[in-house]
Amino acid sequence: MKALNVPKSRYKQRREDLMDSVGDNGIVILSAASEKIRSRDTHFAFRQDSDLLYLSGFPEPEAVLVLVPGRAHGETILFCRERDPLREQWDGKRFGPEEAVTAFGLDDAFPITDIDDILPGLIEGRDQIYAHFGRDGDFDTRLMGWINRTRQRMYMGNPPPSELLDLGLLVNELRLFKDKDELKLMQRAADISVLAHEAAMRSVKAGMHEYELQAEIEHVFRKYNAVPAYTSIVGTGANACVLHYVTNQAKIAKSDLILIDAGAEYNGYAADITRTFPASGKFSKAQRQLHDIVWQANRAALNEVKIGATYDKQHEAAVATLTEGLLQLGLLKGKLEKNLQDMTYRKFYPHKTGHWIGLDVHDVGDYRIDNESRVLEEGMVFTIEPGLYIPTDADVDAKWRGIGIRIEDDIYVGADGPKVLTDALVRSANEIEEFMAQA
Ligand code: GLY
Ligand code: MN
Ligand code: MN
């Protein structure tokens, strides 16, 4: 697969869009993610802050992006690590300020070690500061230090900033609507994830361990230069009922259903797919009956995805379909309306039907505006992921107990209707059995 990247001009456009909403009285101060210790002197794999990725693509820690709309000497400024031959011998190449300017299309860049001297001067004269206050205590302290420096310099004639505002208010709304470069990256992440799920379905055998299927999945991710967007969930049998099961240690039995919730992150963008399939390649009658209901709920939810429809509609459709199915099979009793009103499905379906997805698997963006579900617009991307999880001690016929099923797809809201980014992966019980029979 050919490498995909976001063009420099697109980052510039995003910074300009953000600066348009900030206005000439404001300033944006955004820190890179910091490296996190995993064990003594080794770190977790570094993952850049999603907003910094969105606005610049700059990949290093110890950096701060500053946007100063309307500043005559340059509006986009990066503070980053200097080149350092000794450190680079150990840790790999750094851009350094000079190369960062050209590589990322910025107006200026300075060594991060000079930030205390330079940043207060950039803040001076600005009334509003947009930053992620409260996300990183150390950075907050430094930010307050820079702001206080401007207070000390009031005698120079500039009042200090009077408003500290959440950067999320502006950047989340921009990130919610995916541009065409983002859509390409998300389709790539979805395509890689589809191949990974196919590899797992092909290789499954009774007696394998969950972690061996995880290895099949993640082998495909790495093969195509992706990483897991979140810890892969591989739950066999009743482990499928644990929503965020990540232990992945159990042995797979022939009669088990296996739930895999795994998605690739490609160039920062996540996919999020769940499929549930039988270890033997054949669903039992009870497994198929429940799987059919979840599949119908997935389809019913997709049917509600239209520009102008409310986001909540797809959850409501999924819940109605699941509840109706549970009534038909006798796992719930009584009238549909009453069950919906009492939310009895929650015993077996305790989560919502989806979430925004993008640079973060649970991406940013408000779901409700003025306490009403927001309306779908072109460019939004979200998951549809109905499920049923019958606890091992549920008060239902024993044949249903310990079955956990989720079917999760990623949906782009396009001008001509929804585009299911993960459509290529078999989904219904028939499609899964057919696929596994050929494998
Ligand atoms: N993989 C997490 C989720 O489905 O939301
Ligand atoms: Mn999800
Ligand atoms: Mn998922």
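Note: hydrogens, waters and symmetry copies are ignored here, and every other heavy atom, side chains too, is used.
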Are side-chain N/O atoms of [X] and [Y] paired as donor and acceptor at under 3.5 Å?
X	Y	answer
S50	D360	yes
T236	D256	yes
H219	E216	no
D191	Q187	yes
D140	H132	no
Q13	D17	yes

Examine distances only and state if a side-chain atom of [X] and a backbone atom of [Y] form a donor-acceptor pair shorter than 3.5 Å.
X	Y	answer
N172	V364	no
Q287	S284	yes
N248	S232	yes
N339	K335	yes

Take a 6.0 Å sphere around [atom1] of [X] and say whether it holds more than 12 heavy atoms from other residues, nucleotides or ligands.
X	atom1	answer
K399	NZ	yes
E98	CD	no
D395	CG	no

- Tell me, with the steps shown, if R87 and R81 meet side-chain contact (heavy atoms from CB on, under 4.5 Å). CA-CA 11 Å; R87 286 311 327 160; R81 302 179 303 192; over 6 Å; no
- To the nearest 0.5 angstrom, please state how far the CG atom of D409 sits from the CG atom of L302. 8.0 Å
- Item | Gap separating the CG atom of L290 from the CZ atom of F283, nearest 0.5 angstrom |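 Those atoms lie 10.5 Å apart.
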- Query: Ring centres of Y266 and F221 under 6.0 Å apart?
  - Reply: no
- Please test E16 against K12 for salt bridge (Lys or Arg N to Asp or Glu O under 4.0 Å), starting from the C-alpha separation and ending with a verdict. CA-CA 6 Å; E16 278 167 12; K12 193 162 191 285; 3.5 Å; yes
- Item | K93/E60 under salt bridge (Lys or Arg N to Asp or Glu O under 4.0 Å): CA gap, chis, key distance, verdict | CA-CA 10 Å; K93 185 185 175 309; E60 297 178 18; over 6 Å; no
- Task: Could you give me the CA-CA distance, side-chain angles and deciding distance for L53 and R47, then say whether side-chain contact (heavy atoms from CB on, under 4.5 Å) is met?
- Result: CA-CA 10 Å; L53 273 183; R47 168 57 159 71; 4.0 Å; yes
Please report the shortest heavy-atom distance between [X] and [Y], naming the atom on each side.
X	Y	result
I192	A264	CG2-CB, 4.0 Å
L421	A190	O-CB, 3.5 Å
M380	V375	CE-O, 3.6 Å
A131	L143	CB-CD2, 3.7 Å
Y389	A240	CD2-O, 3.5 Å
I405	H291	CD1-N, 3.4 Å

Does a salt bridge link [X] with [Y], judged by any charged N lying under 4.0 Å from a carboxylate O?
X	Y	answer
K338	D342	yes
R374	D312	no
R15	E75	no
R427	D423	yes
K352	E385	no
R222	E218	no
E82	R94	no

- Residue pair Q214, E210: steps toward the side-chain contact (heavy atoms from CB on, under 4.5 Å) verdict: CA-CA 6 Å; Q214 181 180 4; E210 293 165 339; over 6 Å; no
Would you please classify the geometry between the [Y] ring and the [X] ring as parallel, tilted or perpendicular, with 30° and 60° separating the classes?
X	Y	answer
H351	Y349	perpendicular
F382	W356	perpendicular
H244	H362	tilted

- Passing option when Y269 is tested against K184, E182, K178 for side chain to side chain donor-acceptor pair (under 3.5 Å): E182
- Message: Here's a test for you: under side chain to side chain contact (heavy atoms under 4.5 Å, CB included), which of L55, D363, L170 qualifies with R175?
- Response: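 Of L55, D363, L170, side chain to side chain contact (heavy atoms under 4.5 Å, CB included) with R175 is met by D363 alone.
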- Message: For a side-chain contact (heavy atoms from CB on, under 4.5 Å) check, start with the C-alpha distance between V426 and R275, then their side-chain angles and the critical distance, and finish with the verdict.
- Response: CA-CA 8 Å; V426 288; R275 291 292 186 269; 5.7 Å; no
